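Shown next, in structure tokens, is the structure this report addresses.
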Amino acid sequence: MDLELRHLKTIRTIADAGSLTKAAAQLGLAQPALSAQLKRIERTLGGKLFERGRFGVRPTALGEFVLERARVVLPAISELQQEAVRFGSAGSRMTGFRLGGTHGPLLGGLVDRLATAHPGVPVTTFTTWSEREIAASVAAGRLDFALIGACGEAPAPEPERLSWREIAVDPVFVMLADRHPLAGRREIGLAELATEAWADVPGDGCFADCFTLACARAGFTPARVYETDTASCIHLVQVGRAAGLCRATLPPTPGMVTRPLAGTPLTWRHLVGWHPATPAANSAAEVVAQARAAHADAAARSESYTRWLADHRTAAGAGPMPDGAGPQSSGHEEADPGPPKPTGYPGPPGAIHNIPQKDN
């Protein structure tokens, strides 16, 4: 019997599980069948791979040697398969746009713009709260583009495999019920909300930690944080159960208002990512430009964001903004001097507006 890739996977599964019973369950085999298979593999390799005891199995010296090689070979084979799929399709044209996004107002705007620009070309979407899941799907070729957000200066996921462009940098706003005592304010200090419960959408980035740190700097610890979906966050705000954290581009919603936090303690970066070795790379410049236009549209629809932009533009000495003006975009991709930031927004101290690119 020749050693096959599936045999290495079996050996690795047994070692990771620590027992033949658990490994058999993971592999979908009966334990006697797995034991017989292991004996055949051991005969092929010339010795025992595992010592069996009352507490399970552990690798022998030969087993450790084979496992060390398997942990190199198996990931390499998996990567080879993924790259082969990409290489096989690299010369083909895109037949549609497969977009992955976290929950937010920009994904719908991007879908609308792409569908308008390319009538008859399918545009499909996948949404999840996990930025890493979306990035991994793009890296694996299951999606063409990632439209995600990142807190502050946090790096984009999959930086070694994906190319990223920054769409815009927004301040994080607070959502309050329209009858809240502070709802009429133009700007609210975070410390003024020290007694509030909070609602936010979960994510696998550092936003929760950054929010906690911002509260600590304001002199308090959040009493309670509800992590839930967007609709539930909005409901908790509307009924006065919590204050919410949101992107400044959140559309107007009945029963609540959005207001800037004084000093902009939290920021949110909008990013578009793709794999440079796929046909998506040929459409990346257009998708980035359309995403920036979708962001500008969303910002213009938010009265509180438009007012905030005007205030900060005036404070920076650039004069008042034209009515209805929102964030502007450069439209240049390959020689992109940096992503656009909201008009008149100088950015928080140390803000990064350029992501190191990997265009290969």
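Note that the coordinates shown come from a computational prediction; the quantities given were computed from them, not determined experimentally.
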Sequence neighbours left out, what pairs pass salt bridge (charged side-chain N to carboxylate O under 4.0 Å, His left out) with at least one residue falling in residues 189-202?
-> Arg185-Glu192

Could you give me the CA-CA distance, side-chain angles and deciding distance for Thr128 and Ile134, then say whether side chain to side chain contact (heavy atoms under 4.5 Å, CB included) is met?
-> CA-CA 7 Å; Thr128 175; Ile134 293 171; 3.5 Å; yes

Side chain to side chain contact (heavy atoms under 4.5 Å, CB included) partners for Ala136, two or more places apart | Glu158

Who are the side-chain hydrogen bond (donor to acceptor under 3.5 Å, both in side chains) partners of Glu68, not counting sequence neighbours?
-> none

Taking only distance into account, with no hydrogens and no angle test, what donor-acceptor pairs under 3.5 Å do side-chain atoms of residues 234-247 form with protein atoms, sequence neighbours excluded?
from   : atom 1 : to     : atom 2 : distance (Å)
Gln238 : NE2    : Pro254 : O      : 2.6
Arg247 : NH2    : His103 : O      : 3.2

Identify, with sequence neighbours excluded, every residue that meets salt bridge (charged side-chain N to carboxylate O under 4.0 Å, His left out) alongside Glu51.
-> Lys48

Given Val287 and Phe97, is the side chain to side chain contact (heavy atoms under 4.5 Å, CB included) satisfied, shown in steps?
-> CA-CA 9 Å; Val287 171; Phe97 297 91; 4.0 Å; yes

If you measure only the distance, is there a donor-acceptor pair under 3.5 Å linking the side chains of Thr258 and Ser304?
-> yes

Pairwise salt bridge (charged side-chain N to carboxylate O under 4.0 Å, His left out) hits with a residue in residues 104-130, at least two apart = Arg113-Asp297

For the residue pair Thr212 and Asp209, confirm or rule out a side-chain donor-acceptor distance under 3.5 Å.
-> no

State, without any angle test, whether Thr13 and Gln26 hold a side-chain donor-acceptor pair at a distance under 3.5 Å.
-> no

Residues pairing under ring pair (Phe, Tyr, Trp, His ring centres under 6.0 Å) where one sits in residues 34-68, two or more places apart or in two chains, turn out to be none

To the nearest 0.5 Å, atom NE2 of His270 lies from atom NE2 of His295 at 4.0 Å

Mind checking salt bridge (charged side-chain N to carboxylate O under 4.0 Å, His left out) for Arg58 and listing every partner two or more places apart, or none if nothing turns up?
-> none

Between the side chain of Thr253 and the main-chain N/O of Pro251, is any donor-acceptor distance below 3.5 Å?
-> yes

Set of residues satisfying side-chain hydrogen bond (donor to acceptor under 3.5 Å, both in side chains) with respect to Arg217, sequence neighbours excluded = none

For side chain to side chain contact (heavy atoms under 4.5 Å, CB included), just list the numbers for Val288 and Trp274, CA-CA rounded to whole Å, side-chain angles, deciding distance to a tenth of an Å, and then say yes or no.
-> CA-CA 10 Å; Val288 168; Trp274 64 92; 3.9 Å; yes

With Glu303, which residues qualify under salt bridge (charged side-chain N to carboxylate O under 4.0 Å, His left out), at least two apart?
-> Arg307

If we ignore angles and hydrogens, is there a donor and acceptor under 3.5 Å between the side chains of Thr102 and Glu131?
-> no

May I ask you to decide if Pro252's main-chain N or O and Arg301's side chain share a donor-acceptor pair within less than 3.5 Å?
-> no

Under the salt bridge (charged side-chain N to carboxylate O under 4.0 Å, His left out) test, residues paired with Lys39 that sit two or more places apart | none

In short, ring pair (Phe, Tyr, Trp, His ring centres under 6.0 Å) pairs touching residues 192-221 with sequence neighbours left out are Trp198-Phe211, Phe207-Trp268

What's the verdict on side chain to side chain contact (heavy atoms under 4.5 Å, CB included) for Thr44 and Glu42, showing C-alpha distance, side-chain angles and the deciding distance?
-> CA-CA 5 Å; Thr44 299; Glu42 288 176 331; over 6 Å; no

Nearest heavy-atom neighbours spanning Leu110 and Ala294 | N-CB, 3.9 Å

